[in-house]
Amino acid sequence: MRKLVLTTVLALGSQGAWAWQSASAPSLGDVAERTKKEREARRGKKPAPKVLTEADLKPAPPVAADAAAGSTDIATAKVPAVGTDAKPAKTDDELRAEKKKEFEKKIADQVQTMGVIHKAMEDAQNELNDPTTATQFGSRGAALRKLLDDGAVELKNAEAAIAAVEEDARRQGISVSRP
């Protein structure tokens with residue numbers, strides 16, 4: 001009989017331990033249900049999050065002429081006020097035409113300088129070559145030779161300046177030509 005009581009106590013004890021474990025540890029379904037209820041309770045206090053779409057976004061304001069001309073700081077770009085007599089923004093073609101004129105004026109100035117240098121060098125060389133004057137020797141001859149040397153250096157500098165202007169124009173996508 002003792003065996004029977006012991007077996008019964010053990011059987012009931014193990015069932016009680018199993019029941020105790022299942023009662024204290026909630027199932028996964030219970031946890032999910034409780035989380036869902038908590039989330040719904042929190043949403044009841046706050047409005048549902050708003051989802052933004054393309055239709056909700058406003059288009060960007062037009063870019064002012066200052067910003068289109070090269071200003072990269074949007075905060076300092078001047079936007080013309082509505083209803084004022086502001087000039088319309090220049091188109092890309094107009095801006096490119098202005099830049100082209102600037103580049104070609106710089107090139108024309110350098111070409112004009114080169115023409116003056118060529119004329120001075122030609123006069124100096126003619127004077128040095130003239131057999132009727134005694135300029136081959138003495139201080140006048142030295143001055144003319146120095147003028148020729150300095151003229152050659154100035155011509156190289158003018159050519160380099162023109163090349164720099166042409167390169168700058170090329171980088172900006174503007175074709176320029178020499179006069």
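Values below: every heavy atom of this structure, side chains too, minus hydrogens, waters and symmetry copies.
- Between I117 and G151, the closest heavy-atom pair is CG2-O, 3.5 Å.
- Rounded to the nearest 0.5 angstrom, E104 CD and D109 CG are separated by 12.0 Å.
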TODO: Dump the intermediate steps for side-chain contact (heavy atoms from CB on, under 4.5 Å) on E127 and R140, then the final yes or no.
DONE: CA-CA 10 Å; E127 190 175 342; R140 179 69 181 152; 2.8 Å; yes
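- Counting non-hydrogen atoms of neighbouring residues, nucleotides and ligands closer than 6.0 angstrom, the CD atom of Q172 exceeds 12 such neighbours.
- Scanning all heavy atoms of the two residues, the minimum distance from L147 to A120 falls at CD2-O, 3.6 Å.
- K146 places none of its side-chain heavy atoms less than 4.5 Å from the side chain of D149.
- Comment: R34 does not engage D30 in a salt bridge, judged by the lack of any side-chain N to carboxylate O separation of less than 4.0 angstrom.
- Here E166 does not pair with R170 in a salt bridge; the nearest charged N to carboxylate O distance is not below 4.0 Å.
- The pair D123-K119 counts as a salt bridge, with a side-chain nitrogen and a carboxylate oxygen less than 4.0 angstrom apart.
- Residues K101 and K105 have side chains not in contact (no heavy-atom distance under 4.5 Å, counting atoms from C-beta outward).
- In this structure, NZ on K106 lies 13.0 Å from CD1 on I162, to the nearest 0.5 angstrom.
- The shortest side-chain heavy-atom distance between Q110 and E159 does not fall under the 4.5 Å cut-off.
- By the 4.5 Å heavy-atom criterion applied to side chains, V176 and I107 are counted as neighbours.
- The closest side-chain heavy-atom distance from K37 to E33 is below 4.5 Å.
- The two residues F103 and I174 have their closest heavy-atom pair at CE1-CD1, 4.0 Å.
- Counting only heavy atoms from C-beta outward, the side chains of E98 and K90 approach each other to under 4.5 Å.
- Following chains of ILVMFWY side-chain contacts shorter than 4.5 Å, one can reach V165 starting from V111, so the two form part of one hydrophobic cluster.
- Using modelled atom types, no side-chain atom of Q125 and backbone atom of E122 make a donor-acceptor pair closer than 3.5 Å.
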